[in-house]
Amino acid sequence: MCCGALTVLVLANPTRAELEASEIALGPLDDACPGNDEGWRDELKNIRNGALPENGVNAFQCGACGRGYGSLSHT
């Protein structure tokens with residue numbers, strides 16, 4: 001939740017192109033994961049280098065303010 005509203009899933013296990021497009025809209029997602037999870041940053045770095053995510057990489061956006069959030073869902 002953000003701004004008293006639910007966030008919306010906007011990205012799930014993205015390719016490099018999908019991540020790039022999302023970061024154009026949301027801004028850099030490096031700090032989007034609560035607690036500054038290093039695993040999150042490592043996953044983003046790998047995706048930016050063309051690899052597919054090893055863990056579930058999910059990005060959410062607040063419908064009110066537009067802020068982006070991230071979450072890893074370890075599989």
Heavy atoms of Y69 and C2 approach each other most closely as OH-SG, 2.9 Å
So CZ of R67 and OG1 of T7: to nearest 0.5 Å the spacing works out to 11.0 Å
d(N46 CG, L52 CG) to nearest 0.5 Å is 10.5 Å
Mind checking whether [X] and [Y] have side chains closer than 4.5 Å, heavy atoms only?
{"X": "S71", "Y": "C33", "result": "no"}
{"X": "S22", "Y": "P14", "result": "no"}
{"X": "T15", "Y": "I47", "result": "no"}

- Task: Flag yes if L44 and L11 sit in one hydrophobic cluster, no otherwise; membership is Ile, Leu, Val, Met, Phe, Trp, Tyr, and two members link when side-chain heavy atoms are under 4.5 Å apart.
- Result: yes
Under 4.5 Å between side-chain heavy atoms, hopping through other hydrophobics if needed: is there a path connecting F60 to L29?
-> no
Worksheet item: Do N13 side-chain atoms and V57 backbone N/O form a donor-acceptor pair below 3.5 Å?
Response: yes
- Could you tell me whether the side chain of Q61 and the main chain of G66 form a donor-acceptor pair under 3.5 Å? yes
### Message
Run R48 and E43 through salt bridge (Lys or Arg N to Asp or Glu O under 4.0 Å) and show every step you take.
### Response
CA-CA 9 Å; R48 289 175 184 135; E43 287 287 347; over 6 Å; no
| Cationic N near anionic O, under 4.0 Å, R41 to D31 | yes
